[in-house]
J.: 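Take this structure first; my questions come after.
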Amino acid sequence: MLRRVLSCLAALSLVAVVLVVGGGGSAQADGCYTWNRTLSQGASGEDVRQLQIRLSGYPGSGAVLGLDGQFGPATRSALIRFQQAYGLGADGVAGNATYSKIYALQDDDCTPVNFTYAELNNCNSTWAGGNVSAAQAKANALVSMWKLQALRHALGDQSIRVTSGFRSVACNNAVGGASNSRHLYGDAVDLGAGPHSLCRLAQQARNHGFNGILGPGYAGHNDHTHVDHRPSRFWSAPSCGI
């Protein structure tokens with residue numbers, strides 16, 4: 001009887017290995033989030049919202065993609081831009097090829113592979129003390145990172161140097177930040193010059209979903225380019241033609 005049980009267990013293990021490795025041709029998820037259906041215009045739900053977060057850097061010039069869980073024309077257009085950016089079939093439908101690329105672009109904590117939570121918060125480890133809850137500040141930073149990932153890819157996949165992200169009120173006061181700074185909401189990022197000039201960063205950021213862009217020529221911003229998610233658009237980097 002024991003031999004028969006062990007034989008059955010071995011057979012089940014073999015089947016499990018075949019299913020995992022073969023996968024029926026489906027995309028293989030990482031530890032962050034798994035999409036379980038194809039998404040196209042008209043769909044709605046949390047899986048659409050999760051997709052929108054990853055597409056937030058592809059809204060088109062001057063636009064911002066809503067993260068409302070509704071797959072409308074703007075989400076379809078953003079998806080097409082994402083697919084084109086990575087050489088996928090640009091049909092505006094999220095299926096295995098799209099998901100596989102997203103899985104390859106993100107780490108298990110849902111951050112894109114080239115940016116980290118720690119990189120966007122050198123103030124504290126809790127994300128607390130700002131103008132929104134710690135959870136909201138961290139969620140805002142995640143969206144920023146996906147927009148930065150799109151910006152990075154558009155600039156030839158060269159590194160982007162983050163110099164400041166989330167700030168608590170205490171941290172913001174310590175660096176002399178504005179009392180209404182978007183850094184207090186976790187949705188602002190300051191970028192330093194590196195492979196790309198500050199002007200190049202500011203100019204390209206216009207295509208990646210940032211409502212706020214401040215750079216060289218704007219008071220206090222000659223040594224960095226600032227991007228954020230403020231409610232309405234305000235761009236000013238006069239030295240860069242913005």
Side-chain angles (χ1 to χ4, degrees), residues 23-115 117 120 132-133 135-154 157 182 185-187 189 204-213 227-233:
S26 63
Q28 298 300 306
D30 59 14
C32 169
Y33 186 85
T34 302
W35 285 268
N36 294 310
R37 61 171 177 157
T38 298
L39 295 175
S40 59
Q41 192 165 326
S44 63
E46 176 61 17
D47 52 357
V48 174
R49 193 182 74 85
Q50 290 292 331
L51 177 65
Q52 288 170 328
I53 291 172
R54 277 71 171 179
L55 299 178
S56 59
Y58 292 90
S61 179
V64 176
L65 182 65
L67 309 180
D68 58 2
Q70 303 296 318
F71 197 129
T75 298
R76 182 178 184 276
S77 294
L79 175 55
I80 289 173
R81 292 186 190 94
F82 174 86
Q83 291 169 329
Q84 291 171 333
Y86 286 100
L88 306 177
D91 57 1
V93 175
N96 286 337
T98 296
Y99 299 144
S100 290
K101 175 51 65 176
I102 292 174
Y103 296 146
L105 286 173
Q106 70 183 9
D107 287 324
D108 285 353
D109 63 355
C110 299
T111 60
V113 293
N114 296 114
F115 298 93
Y117 282 118
L120 266 74
V132 292
S133 70
Q136 187 61 59
K138 193 172 183 179
N140 290 345
L142 179 64
V143 176
S144 293
M145 283 186 271
W146 280 103
K147 294 184 179 186
L148 291 176
Q149 186 71 28
L151 172 63
R152 186 183 190 278
H153 184 59
D157 287 314
R182 296 307 305 184
Y185 297 82
D187 67 8
V189 187
Q204 187 62 42
R206 295 175 295 182
N207 300 314
H208 299 290
F210 294 105
N211 255 344
I213 302 174
V227 293
D228 66 47
H229 310 314
R230 67 188 65 200
S232 59
R233 186 193 301 178

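These numbers come from a predicted model, not from an experiment.
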J.: Is a side-chain donor or acceptor of Q204 paired with a backbone partner of L151 at a separation under 3.5 angstrom?
T.: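 Side chain of Q204 to backbone of L151: no pair is present.
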J.: Please examine the side chains of R54 and F82, heavy atoms only from C-beta on, and report whether any two atoms are closer than 4.5 Å.
T.: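 Not touching, per the 4.5 Å side-chain cut-off.
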J.: Working to the nearest 0.5 Å, report the span between CG of L39 and CG of D47.
T.: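 One finds 4.5 Å between CG of L39 and CG of D47.
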J.: Starting from the C-alpha separation in whole Å, work towards a yes-or-no answer on side-chain contact (heavy atoms from CB on, under 4.5 Å) for T111 and Q149.
T.: CA-CA 10 Å; T111 60; Q149 186 71 28; over 6 Å; no
J.: Side chain of D187, backbone of N140: donor and acceptor closer than 3.5 Å?
T.: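 Here the side-chain-to-backbone pair does not exist.
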J.: Give me the atom names and distance for the closest heavy-atom approach of G57 to H208.
T.: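 Answer, listing the atom of G57 first, then H208: O-ND1, 2.8 Å.
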J.: Show the nearest heavy-atom pair for residues G95 and T38, with the distance to one decimal.
T.: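 Smallest interatomic distance, heavy atoms only, reads CA-OG1, 4.3 Å.
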J.: Locate the shortest heavy-atom distance separating Y58 from A85; write the atom from each residue and the value.
T.: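 Heavy-atom minimum between the residues: CE2-CB, 3.7 Å.
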J.: Okay, side chain of Q83, backbone of G92: is any donor-acceptor separation there less than 3.5 Å?
T.: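 Between the backbone of G92 and the side chain of Q83 there is a qualifying donor-acceptor contact (under 3.5 Å).
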J.: Would you say the side chain of S40 lies within less than 4.5 Å of the side chain of V93, judging by non-hydrogen atoms?
T.: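 With C-beta onward as the side chain, the pair touches.
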J.: Would you check if the side chain of R152 reaches a backbone N or O of D157 as a donor-acceptor pair within less than 3.5 Å?
T.: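 Checked: pair present.
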J.: Compare every heavy atom of K147 with every heavy atom of S56, then report the nearest pair and how far apart it is.
T.: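 Where S56 meets K147 most closely, the heavy atoms are OG-CG, 3.6 Å.
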J.: Quick one: side-chain contact (heavy atoms from CB on, under 4.5 Å) partners of N211, sequence neighbours excluded?
T.: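 Applying side-chain contact (heavy atoms from CB on, under 4.5 Å) to N211 gives V64, R230, R233.
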J.: Just so I know, are the side chains of Y33 and Y99 near enough to count as touching, which here means a heavy-atom distance under 4.5 Å?
T.: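 Counting from C-beta outward, Y33 and Y99 never come under 4.5 Å.
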J.: Check the orientation of H229 and F210. Use parallel for under 30°, tilted for 30 to 60°, and perpendicular for over 60°.
T.: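 The rings of H229 and F210 lie parallel, inter-plane angle below 30°.
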J.: Report yes if some heavy atom in the side chain of I53 is under 4.5 Å from a heavy atom in the side chain of Q50; otherwise report no.
T.: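 I53 vs Q50: side chains touch.
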J.: If only side-chain N and O atoms count, and only distance matters, is there a donor-acceptor pair under 3.5 Å linking Q70 with T75?
T.: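 Looking only at side-chain atoms, Q70 and T75 do not form any donor-acceptor pair under 3.5 Å.
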J.: Quick check against the 3.5 Å criterion: does Y117 have a side-chain atom that pairs as donor or acceptor with the backbone of L142?
T.: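 No: the side chain of Y117 does not pair with the backbone of L142.
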J.: Ring centres of Y86 and H153 under 6.0 Å apart?
T.: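 Yes: the rings meet the under 6.0 Å criterion.
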J.: For a side-chain contact (heavy atoms from CB on, under 4.5 Å) check, start with the C-alpha distance between D108 and C32, then their side-chain angles and the critical distance, and finish with the verdict.
T.: CA-CA 5 Å; D108 285 353; C32 169; 5.5 Å; no
J.: With the side chain counted from C-beta on, respond yes when Q106 and V113 share a heavy-atom pair under 4.5 Å apart, and no when they do not.
T.: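 A side-chain contact is absent here, since even the closest heavy-atom pair is not under 4.5 Å.
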J.: For a 4.5 angstrom cut-off between non-hydrogen side-chain atoms, does L51 reach I102?
T.: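 Answer yes - side chains close enough.
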J.: Does any part of the side chain of S77, heavy atoms only, come nearer than 4.5 Å to the side chain of R81, both counted from C-beta?
T.: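 Answer yes - side chains close enough.
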J.: Do you know which two heavy atoms are closest between Q84 and A90, and how far apart they sit?
T.: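 For Q84 and A90, the tightest heavy-atom pair comes out as CG-CB, 3.6 Å.
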J.: Could you give the distance from CG (D91) to CD1 (I80), rounded to the nearest 0.5 Å?
T.: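 D91 CG to I80 CD1: 7.5 Å, rounded to 0.5 Å.
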J.: Might you point out which heavy atoms bring L88 and T98 nearest each other, and give the distance in Å?
T.: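 Closest heavy-atom pair between L88 and T98: CD1-CA, 4.0 Å.
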